[in-house]
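Right, one structure below, let's go through it.
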Amino acid sequence: VVAYNTMVVAYAQNGHLESSKLLFDRTPQKNTASWNGIMNAYVQAGKLDLARKIFNIIPCKDVVSWSSMVSAYAQVGHIEEADALFASMPNPNVVTYNTMIMAYSQNGRLDRAKKTFDEMPERDLITWNAMVSAYAQNGRPDNAKLVFDKMPQRNLVSMNGLMSAFGLNGETSKAIDFFDSMEQKDLISWSSALAAYSQDGNLDGARKLFDKMPEWNVVSFTTMITAYSGKGRVEEAKLVFDSMPEHDLIAYNALLVGYAQNGYLSDAERIFFSMPAKNLETLHAIMAAYAQHMHLSEAKTVLNTMPVRTTLSWNTLIAAYALNGHMQEARVLFEILPKADVGTWNSMISGFAKAGHGKSAIDLFLEMAVEGFVPD
RNA sequence: CAUCUAUCUAGCAUU
C-alpha cells in the first residue's frame, strides 16, 4: 500500500493525474493515506470540486484528510469554505491551525490570523514562522520583528522570513543589514536580498549581489530581469533571459511585462505568442499592455477568451477602459462583473478622476462605503 | 518502533 501511495503522489506532482488515478484504483487494501493522496492529486490538478467529492466519500477521514481539504480551499482563496470546514472539523491539530493562519494572512485578514495564533492550544516552529510571514505580507515589519524576537527557536526560514518582512515593506537597508549579519545563508536568503534591492530600484546593488551569489536559479535570474526592466533597460533584461539555463512561466511573464511597461508592445506581443504556456498573470499583463496602447478591442478579446476569469481579470479590463477615458464602457463592465473588490472601485474612481469627473469620483467613493467596501 | 498523505521563507500580473 505504501508503495502505491508513494507512486500516486509522485505522478500527481509531475502532472500525471491519469496515472495517479489508475494506480489508486489498483491499490490493494486502501488506507486513509491512499484516499488522502488521490484527493490531493486532484487538488494539485486544480480540480477542487472533484477533490471535495472524494473528501466526502473517504471512509475513515483523519485529521490529514480534513486539513488537506481546508488547505485546498485556502490555496485558491476560498477563505469562507476553508473557515467553515475548519470550524466543523472534529480534531484540528497544529498543522490545521497553521494552515488557517496562512490562509487568513494571504487574504489580508491579519486580525483573524493573530486571533488563531493566540487561541491555538499549541504552537510549533512553523506556527511562529507563519506569524512572521503574516506580518511581513500585511505591511507590518515591526510586528514581524517582535514575533521573531519572541519566538522560542528560530531556523533559516525564520531568518529569511524576517529579511523579507523588511524587504517587502521598503526597509531595504534593514533587510540588507540583516542579510549581512546572517551566519548561514541559502539560495532563498540570497534571492530575498536580491529582491530587496530590486524592489528598491537599486539596480547597482542588485547586480553586485547577483555577481557574488554562490549559485543561481530561475528565481534569481528572474529577479534580475525585473530589476533591469524596472529601469527601462529591456535589452539587458533580455540578455539575462537569454543567459538563463531554463525558462519557466514566470520568467517569460517578467520579460513580457518588462517590454510592456516600457512601451514595447510588439515585443511583448511576440513573447506572448511564443510562450509555451500561459497563466492568469500572463493574460492580465497582455491585457494591461493593450490597454496602455489604447488597443481596447484586443484587451476585450483577451478577457472574452480567458478560460477562467477572476475579479482581477475584470479589474484589469475596467482599468483599461477607465484609464483611456472610456467611462461608459467601464461602467457597463462594473455593473456586470460577478464580484467587485476594493481594486474594482479604485479603478473606477481613478478613471473618473483622470477624466476630470471629480464629482463622479467622489460620489463613487462615498457609494463604495455604503456598499460595505473599506477604502485602502 | 518504523515506511506513504496536509501547514512556514525568495522572482511575474490590475488599480
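Atom set for the values below is all heavy atoms of this structure, side chains included, hydrogens, waters and symmetry mates excluded. Residue numbers start from 1 in every chain, and the chains themselves are labelled A, B, ... in the order their sequence lines are given, proteins ahead of strands.
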Inset, instruction - Taking the six-membered ring for Trp and the single ring otherwise, decide whether the centroids of A/W66 and A/F55 are under 6.0 Å apart. - result: yes
Legend entry - Aromatic ring proximity A/F334/A/W345, centre distance under 6.0 Å: yes
Inset, instruction - Under 4.0 Å between any heavy atoms, over every strand shown, what does A/N155 touch: base, sugar-phosphate, or nothing? Just pick one. - result: nothing
Inset, instruction - Go through RNA chain B in 5' to 3' direction and return only the first and the last nucleotide with some atom under 4.0 Å of chain A's heavy atoms. - result: B/rU3 to B/rU15
Inset, instruction - Only pairs at least two apart or in different chains count here, so list each side chain to side chain donor-acceptor pair (under 3.5 Å) that has a residue in residues 351-360 of chain A. - result: A/K359-A/D363
Inset, instruction - Quick one: label A/N279 by what it contacts on the DNA or RNA (base, sugar-phosphate, nothing), any heavy atom closer than 4.0 Å. - result: nothing
Inset, instruction - For A/T223, report the nucleic acid contact type (base, sugar-phosphate, nothing); a contact means any heavy atom under 4.0 Å. - result: sugar-phosphate
Legend entry - Plane angle bin for A/H247 and A/Y252 - parallel if under 30°, tilted between 30 and 60°, otherwise perpendicular: perpendicular
Inset, instruction - Compute whether any side-chain donor of one residue and acceptor of the other, for A/D341 and A/T311, lie under 3.5 angstrom apart. - result: no
Legend entry - Of all pairs that satisfy salt bridge (charged side-chain N to carboxylate O under 4.0 Å, His left out), the ones with a partner from residues 16-41 of chain A, not counting sequence neighbours: A/E18-A/K21
Inset, instruction - Give one of base, sugar-phosphate or nothing for A/I318, where a contact means two heavy atoms less than 4.0 Å apart. - result: nothing
Inset, instruction - Could you check which residues of residues 281-294 of chain A get a heavy atom under 4.0 Å from RNA chain B? Sort them by number, please. - result: A/E281, A/H284, A/A285, A/A288
Legend entry - Centroid-centroid distance, A/F117 to A/W128, less than 6.0 Å: yes
Legend entry - Sugar-phosphate only, base, or nothing, as touched by A/T222 at under 4.0 Å among non-hydrogen atoms: base
Inset, instruction - May I have all residue pairs that pass salt bridge (charged side-chain N to carboxylate O under 4.0 Å, His left out) and include part of residues 253-274 of chain A, sequence neighbours excluded? - result: A/D267-A/R270
Legend entry - Residues in contact with RNA chain B, drawn from residues 359-376 of chain A - heavy-atom cutoff 4.0 Å: none
Inset, instruction - Check whether the ring centres of A/Y4 and A/F24 lie less than 6.0 Å apart, and answer yes or no. - result: no
Legend entry - Partner residues of A/H295 under the ring-ring contact (aromatic ring centres under 6.0 Å, His included) criterion, sequence neighbours left out: none
Legend entry - Residues in contact with RNA chain B, drawn from residues 50-62 of chain A - heavy-atom cutoff 4.0 Å: none
Legend entry - With A/K145 via side-chain hydrogen bond (donor to acceptor under 3.5 Å, both in side chains) - residues at least two apart: A/D149
Inset, instruction - Assign A/V1 to base, sugar-phosphate, or nothing according to its heavy-atom contacts below 4.0 angstrom with the strands shown. - result: nothing
Inset, instruction - Scan residues 180-193 of chain A against RNA chain B and write down, sorted by residue number, each residue with any heavy atom closer than 4.0 Å; if none is found, say none. - result: A/I188, A/S191, A/S192
Legend entry - Under the side-chain hydrogen bond (donor to acceptor under 3.5 Å, both in side chains) test, residues paired with A/D248 that sit two or more places apart: none
Inset, instruction - Scan residues 255-264 of chain A against RNA chain B and write down, sorted by residue number, each residue with any heavy atom closer than 4.0 Å; if none is found, say none. - result: A/V257, A/Q261
